[in-house]
Peer 1: 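This is the structure I want to talk about, given as structure tokens.
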Amino acid sequence: MILKRFLSLFCAAAVLLSFDSCGFIVVNDISSRGTQNGGSEEDGEGAETAKPSTGFVKYTDRTDAKAAADAYLQALPARDYDGAVFFIATPSKAYFAPDETEPVLSRLVAQRNAEVSDKLNITMLTDEIDANSMKKQLNQAIASGAFFTDLLLIPFGQVGVLKSSDALLNIRTAPFFDLDKPYFNEESSRMTSGGYTTYAVAGDATISPSDFAAVYFNRTILEIAGIDPAELYRSVTEGSWTWDKLLAATEAVNATGGVISIAAESLSERFPDLVFHSMGNDFILTGSRKVPVIGYTARSAKDAMDVLEQFYADENARLRDYSGAVNGFAEGASAFHVEYLYAMSWLTNSSADWGLLPLPKNSGEDAEYRTLMPTEAQVFAIPRNHTNAEIPAIVMSALCAASDGYIYDAFVDYNMMNVLRDNDAVNMLDLILDTASFDFAYAFGGAFPAIANATYKLVRKSAPGNNLADSFSDLKTEANQVMKENFDLTY
């Protein structure tokens with residue numbers, strides 16, 4: 001349902017991609033009070049959308065992303081697979097091959113798939129199969145030497161499950177495959193690597209905009225508290241948008257009283273993870289030809305844990321299991337709301353005059369904005385028993401190459417015209433989509449509990465009381481031992 005909500009955002013992008021106008025974005029109408037809610041299919045659907053009356057200013061000067069994607073695709077090895085059927089198995093094909101969604105994303109993905117199919121002379125078929133059945137059937141196929149599928153499109157959190165049953169090929173060994181290409185997310189492959197094996201990789205063909213988290217703010221509440229929203233936007237572009245700055249803003253809001261300072265709903269469980277990671281911490285350090293190890297210490301985690309303690313100590317914050325937080329924000333009940341990007345569509349006609357910011361970072365000129373992708377974010381992998389790894393490797397490369405950039409552009413263009421309320425928020429959205437970050441702990445913590453216990457589960461448990469150091473040493477030792485045993489440097 002969430003993905004269906006996100007996919008509906010693309011319904012006007014086909015028109016937008018042909019526009020070449022000038023002027024200013026007009027703030028969308030906020031006269032009608034929205035009834036958006038995170039729990040029902042109807043929320044945010046069918047509401048009238050205010051249209052800008054004077055055109056818009058393009059959010060940034062950028063190269064033609066579609067032309068760049070075409071160039072990447074044409075640079076791949078020329079192959080003719082003689083009309084072979086190419087199978088892709090996945091628990092969810094909604095972002096990759098959406099058969100039942102609004103027409104624009106379907107058109108863009110169908111165009112991408114057709115270009116890949118034409119270049120390689122293949123027929124691509126996507127088979128939707130739940131994760132448990134996939135694991136069982138894949139293992140049975142490997143044991144019997146039977147064919148299961150050419151390519152896997154799996155949730156990031158399932159990589160460890162399939163690795164533990166020895167079901168995945170080391171994709172670095174596939175012919176004509178280059179993980180250093182810009183259309184692959186470099187960190188995704190590093191964070192699915194251990195020893196001499198890389199198990200999976202992500203790219204624009206797999207990373208949905210709905211996987212990104214953002215900070216929504218209520219402009220009216222901030223101005224009453226003496227905070228200039230334009231200054232928050234400037235701090236992002238200047239590199240000074242930090243969690244300390246957000247904390248200071250919530251304190252100013254609390255001084256005025258009467259509203260929730262900061263809330264989370266869908267992201268309430270992951271809020272500690274997002275703060276921890278966006279402040280420059282990695283749960284695990286790993287990569288090709290490396291044994292994974294715990295990537296932080298109690299000392300290096302101190303800044304993030306101090307920030308988390310302050311957020312959870314705020315009596316006006318709602319960061320634990322707050323049902324209805326999105327609806328409350330839409331009605332003006334909270335100053336800040338940390339949520340996935342799909343919530344934008346629910347705020348189109350909300351009474352709150354809202355804006356959008358990326359997750360803050362830690363202080364320091366070298367710090368980057370980073371959005372930790374959830375375990376549901378999808379990645380490509382190749383079954384271990386594939387008899388000709390060249391074919392899935394080239395198809396996987398072609399799909400990511402042909403997707404690079406331009407589908408994200410359509411997402412930004414649609415929201416610029418129909419959802420967001422000022423040019424600065426459009427720039428923020430464009431920036432957010434460049435911040436995808438991954439962590440080994442999310443990929444393998446579900447299959448190896450010791451890894452989860454020493455990383456994101458420990459941070460979540462310790463955040464309110466800031467007592468991570470109490471059990472960190474023992475949990476770190478156990479996790480490092482598990483990773484040494486399962487991701488060593490032997491062939």
Side-chain angles (χ1 to χ4, degrees), residues 69 72-93 95-97 109 112-129 131 134-135 137-156 158-159 161-163 165-181 183-186 188-189 192-193 196-207 288 377-404 443:
Y72 287 140
L73 180 61
Q74 296 308 314
L76 288 168
R79 289 291 184 272
D80 184 342
Y81 293 122
D82 197 26
V85 177
F86 185 88
F87 293 95
I88 302 174
T90 178
S92 174
K93 60 182 180 179
Y95 176 64
F96 180 78
V109 169
R112 187 269 317 278
N113 290 352
E115 290 171 353
V116 172
S117 296
D118 289 347
K119 176 178 175 58
L120 302 175
N121 192 9
I122 59 174
T123 299
M124 284 194 295
L125 295 179
T126 308
D127 181 26
E128 196 165 71
I129 178 172
M134 176 186 289
K135 177 187 175 183
Q137 294 180 28
L138 179 56
N139 288 337
Q140 289 174 344
I142 291 173
S144 63
F147 173 82
F148 176 69
T149 189
D150 290 295
L151 190 62
L152 299 168
L153 179 60
I154 57 176
F156 191 61
Q158 286 291 310
V159 174
V161 174
L162 296 181
K163 177 265 188 279
S165 60
D166 196 24
L168 300 179
L169 180 79
N170 180 2
I171 60 175
R172 289 184 180 273
T173 66
F176 304 104
F177 192 65
D178 186 355
L179 281 170
D180 294 328
K181 293 296 185 183
Y183 42 79
F184 291 123
N185 180 284
E186 185 274 335
S188 73
S189 61
T192 58
S193 296
Y196 288 101
T197 302
T198 299
Y199 299 94
V201 66
D204 280 7
T206 71
I207 306 173
S288 177
Q378 297 197 25
V379 291
F380 281 132
I382 301 175
R384 181 173 62 82
N385 67 333
H386 201 286
T387 57
N388 184 357
E390 173 193 299
I391 300 175
I394 290 181
V395 173
M396 180 172 23
S397 299
L399 288 166
C400 286
S403 303
D404 192 64

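Quick note: residue numbers are just sequence positions, from 1.
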Peer 1: Within a strict 4.5 Å, meaning less than it, do heavy atoms of the Leu152 and Gln158 side chains meet?
Peer 2: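 With C-beta onward as the side chain, the pair stays apart.
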Peer 1: Measure the shortest side-chain to side-chain distance between Lys163 and Thr197 over non-hydrogen atoms and say whether it is less than 4.5 angstrom.
Peer 2: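 With C-beta onward as the side chain, the pair stays apart.
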Peer 1: Going by heavy atoms in the side chains, are Glu186 and Leu179 under 4.5 Å from each other?
Peer 2: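 Side-chain contact under 4.5 Å: no.
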Peer 1: How many angstroms lie between CZ in Phe177 and CG in Asn170, if you round to the nearest 0.5 Å?
Peer 2: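 That separation rounds to 10.0 Å.
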Peer 1: Would you please indicate if the ring centroids of Phe184 and Phe380 are separated by under 6.0 Å?
Peer 2: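 No; Phe380 has its ring centre 6.0 Å or more from that of Phe184.
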Peer 1: Measure from the side-chain N and O atoms of Ser193 to the backbone N and O of Ser189, and report whether any donor-acceptor pair falls under 3.5 Å.
Peer 2: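 Judged by distance alone, yes, a pair lies under 3.5 Å.
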Peer 1: A side-chain contact here means heavy atoms from C-beta on lying under 4.5 Å apart; do Met124 and Ile88 qualify?
Peer 2: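 Side chain of Met124 against side chain of Ile88, heavy atoms only: contact under 4.5 Å found.
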Peer 1: Are the side chains of Asp150 and Val395 in touch, meaning some heavy atoms are under 4.5 Å apart?
Peer 2: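 The answer is no, as the side chains (C-beta and beyond) never meet within the 4.5 Å cut-off.
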Peer 1: Heavy atoms only: give me the nearest Tyr95-Ala205 pair and the separation to one decimal.
Peer 2: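 Heavy-atom minimum between the residues: CE2-O, 3.7 Å.
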Peer 1: Could you give the distance from CG (Leu76) to NZ (Lys181), rounded to the nearest 0.5 Å?
Peer 2: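 Here the rounded value is 7.5 Å.
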Peer 1: Identify, with sequence neighbours excluded, every residue that meets salt bridge (charged side-chain N to carboxylate O under 4.0 Å, His left out) alongside Glu128.
Peer 2: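 Partners of Glu128 under the salt bridge (charged side-chain N to carboxylate O under 4.0 Å, His left out) test: none.
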Peer 1: Strictly distance-based, threshold 3.5 Å: is any side-chain N or O of Thr149 a donor or acceptor partner for the main-chain N or O of Phe87?
Peer 2: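 Checked: pair present.
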Peer 1: Does Leu138 reach the side chain of Pro383, with side-chain heavy atoms less than 4.5 Å apart?
Peer 2: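 Heavy-atom side-chain distance check passes, below 4.5 Å.
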Peer 1: Does the Lys NZ or Arg CZ of Arg112 fall within the cation-pi geometry relative to Phe96 - under 6.0 Å from the ring centre and within 45° of the axis?
Peer 2: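 Yes, Arg112 lies over the aromatic ring of Phe96.
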Peer 1: Nearest 0.5 Å, please: how far is CG in Leu120 from CG in Leu73?
Peer 2: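 Between atom CG of Leu73 and atom CG of Leu120 there are 7.5 Å.
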Peer 1: Could you give me the CA-CA distance, side-chain angles and deciding distance for Phe156 and Thr192, then say whether side chain to side chain contact (heavy atoms under 4.5 Å, CB included) is met?
Peer 2: CA-CA 9 Å; Phe156 191 61; Thr192 58; 3.4 Å; yes
Peer 1: To check you understand the geometry: which heavy-atom pair defines the closest contact between Ile154 and Ala381, and what is its length?
Peer 2: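 Looks like CD1-CB, 4.3 Å.
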Peer 1: Quick one: closest heavy-atom pair of Pro91 and Met134, and the distance?
Peer 2: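 Looking at all heavy atoms of both residues, the shortest contact is CD-CE, 3.6 Å.
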Peer 1: Decide yes or no on side chain to side chain contact (heavy atoms under 4.5 Å, CB included) for Phe86 and Tyr81, but give the supporting numbers first.
Peer 2: CA-CA 10 Å; Phe86 185 88; Tyr81 293 122; over 6 Å; no
Peer 1: So, does Asn139 use its side chain to make a donor-acceptor pair with the main chain of Ala167 at under 3.5 Å?
Peer 2: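 Such a contact is absent between Asn139 side chain and Ala167 backbone.
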Peer 1: Among all residues two or more places apart in sequence or in another chain, which pass the side-chain contact (heavy atoms from CB on, under 4.5 Å) test with Leu169?
Peer 2: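 Applying side-chain contact (heavy atoms from CB on, under 4.5 Å) to Leu169 gives Thr173, Ile382, Ala389.
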Peer 1: Do Tyr196 and Arg172 make a side-chain contact, defined as non-hydrogen atoms from C-beta onward lying under 4.5 Å apart?
Peer 2: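 They are not in contact (no side-chain heavy atoms under 4.5 Å apart), so the answer is no.
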Peer 1: Side chain of Thr198, backbone of Ile171: donor and acceptor closer than 3.5 Å?
Peer 2: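 Side chain of Thr198 to backbone of Ile171: no pair is present.
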